[in-house]
Amino acid sequence: MSDQNRTQMLNADPNKTRLDMAPAADPNKTIMGVGPSLNVTQTIKPVQCPVCKTFNPAGLFFCMDCGLIFDRALPGDAFGAPAIQLPMLVESGGKEYPIRPGTNTLGREADITVSDSRASRRHAQITSSPDGTVTVEDLGSTNGTKVNGTALVVGVKQPLSAGDKISLGGFELQFVLPGGATGNVTQAFAGNKTAAISSAPKKEVAPARLVGGDFDAPLKAGANTFGRKDENDVPIKDAYVSGKHGIIEVTDQGVFITDIGSSNGTLLNESKLSPNMRTQMRPDDVLRLGSLELRVVLADK
């Protein structure tokens, strides 16, 4: 006699669905996992140009700012690819201008901008060929182009070698190959060991300074561009100063100033300078840029 208060086990009906334990996983079978969700946020990193440091949207093969082709000059950590270094033109003060593959024009309004009144708007042209050769030619400039002191014939390409000096009407640039030891280009030591130096480095003193009121900026030897933009050697944040206003040159022969066609002009001792006219400054001369009154003070004064 059965007890109604006790749980009774019924005979299994083969036609009924039974809940049973999950079958053990077979290690020899392929297990399909969950597919990726379209709602998952994916991070796409922009590509930084190794030359001008501009961040570009992913997928571009060239820099939208300077035009560098990424598939020929990948940064060192991109997919493990080695960095491809570009040849350079270097000023006496150390400023570097990378030479991209193909044709590069030089001048005041060119691919490589030279802010010097002695250079024409389109002064010369440098061509970097796929075989590694680099040539320079004059484009009919006003003051001519020289390589190591030898004047170039207009339209005739002159091959360049490491260390060659290119003169654009008197403004000199040095041609430096990747890894070269010429000029003021920063050199990398091989290996990961710290290299010993024979003497302690000396603090570099600027040969001159541009001062006035609360403004005080160093001037290096050679050409110093000045203007409102940060890319100038001497940025001057004044509303009346043009983005690229002028050039101050510190040379052994003296200090010279050139207005390169600014909107509001440059006054020297209350006299307005003619655009692109190189003028020598005396120690007591007063330079007026907008609301600023500035003087050039030499280091030994």
Side-chain angles (χ1 to χ4, degrees), residues 50-52 66 68-69 72-73 76 82-108 110-120 122-141 143-191 195-199 201-202 204 206-207 219-225 233 247 249-253:
V51 174
C52 69
C66 72
L68 180 71
I69 303 174
R72 297 186 65 177
I84 299 178
Q85 297 178 333
L86 299 175
M88 295 279 184
L89 293 177
V90 185
E91 288 185 11
S92 59
K95 187 175 181 180
E96 300 176 353
Y97 302 90
I99 300 175
R100 301 196 305 270
T103 301
N104 303 258
T105 55
L106 286 79
R108 297 201 315 274
D111 299 325
I112 299 177
T113 303
V114 177
S115 301
D116 191 283
S117 60
R118 292 169 289 182
S120 300
R122 285 172 52 86
H123 194 107
Q125 178 174 287
I126 288 185
T127 303
S128 180
S129 303
D131 60 1
T133 59
V134 180
T135 59
V136 62
E137 60 182 301
D138 187 87
L139 297 178
S141 61
N143 296 319
T145 305
K146 295 181 180 180
V147 176
N148 297 328
T150 302
L152 300 183
V153 178
V154 177
V156 177
K157 294 185 177 181
Q158 170 69 35
L160 291 174
S161 301
D164 283 351
K165 291 185 178 181
I166 304 171
S167 173
L168 306 179
F171 178 76
E172 284 199 346
L173 296 164
Q174 189 172 27
F175 176 65
V176 178
L177 291 174
T182 57
N184 296 319
V185 179
T186 302
Q187 301 176 29
F189 293 100
I197 56 178
S198 57
S199 61
K202 296 181 180 179
E204 184 177 355
L219 297 173
K220 68 178 185 295
N224 298 263
T225 60
D233 298 318
I247 302 169
E249 299 173 72
V250 181
T251 69
D252 295 336
Q253 291 74 38

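In what follows, residues are counted from 1 in the order of the sequence shown.
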So, [X] side chain and [Y] main chain: donor-acceptor pair closer than 3.5 Å or not?
{"X": "N148", "Y": "K165", "answer": "yes"}
{"X": "N143", "Y": "R118", "answer": "yes"}
{"X": "S167", "Y": "E172", "answer": "no"}
{"X": "R122", "Y": "G107", "answer": "no"}

Report the C-alpha separation of L106 and I166 in whole Å, then their side-chain angles, then the decisive distance to 0.1 Å, and conclude whether the side-chain contact (heavy atoms from CB on, under 4.5 Å) test is met.
CA-CA 11 Å; L106 286 79; I166 304 171; 5.6 Å; no

Which value, rounded to the nearest 0.5 Å, describes the distance between [X] atom [atom1] and [Y] atom [atom2]?
{"X": "I126", "Y": "Y97", "atom1": "CD1", "atom2": "OH", "answer": "12.0 Å"}
{"X": "S120", "Y": "R108", "atom1": "OG", "atom2": "CZ", "answer": "7.0 Å"}
{"X": "E91", "Y": "E96", "atom1": "CD", "atom2": "CD", "answer": "10.5 Å"}

For the NZ atom on K95, are there more than 12 heavy atoms of other groups (residues, nucleotides or ligands in this structure) within a distance under 6.0 Å?
yes

Taking every non-hydrogen atom, the tightest pair across [X] and [Y]:
{"X": "L219", "Y": "A206", "value": "O-CB, 3.8 Å"}
{"X": "I247", "Y": "A223", "value": "CG2-CB, 3.9 Å"}
{"X": "A221", "Y": "S92", "value": "O-OG, 4.2 Å"}

Counting C-beta onward and ignoring hydrogens, is there a side-chain heavy-atom pair between [X] and [Y] closer than 4.5 Å?
{"X": "F175", "Y": "I99", "result": "yes"}
{"X": "T127", "Y": "T103", "result": "yes"}
{"X": "D116", "Y": "L168", "result": "no"}

Run the side-chain contact (heavy atoms from CB on, under 4.5 Å) test on L173 and I112 for me, step by step, so that the C-alpha distance in whole Å, both residues' side-chain angles and the decisive distance to 0.1 Å come before the verdict.
CA-CA 12 Å; L173 296 164; I112 299 177; 5.9 Å; no

N104 and D111: side chain donor to acceptor below 3.5 Å
no

Determine all donor-acceptor pairs shorter than 3.5 Å in which one atom belongs to a side chain in residues 132-141; sequence neighbours excluded.
residue: T133; atom: OG1; partner: D131; partner atom: OD1; Å: 2.8
residue: E137; atom: OE2; partner: Q125; partner atom: NE2; Å: 3.1
residue: D138; atom: OD1; partner: S141; partner atom: OG; Å: 2.6
residue: D138; atom: OD1; partner: T145; partner atom: N; Å: 3.3
residue: D138; atom: OD1; partner: T145; partner atom: OG1; Å: 2.5
residue: D138; atom: OD2; partner: G140; partner atom: N; Å: 2.7
residue: D138; atom: OD2; partner: S141; partner atom: N; Å: 3.0
residue: S141; atom: OG; partner: H123; partner atom: NE2; Å: 3.1
residue: S141; atom: OG; partner: G144; partner atom: N; Å: 3.0

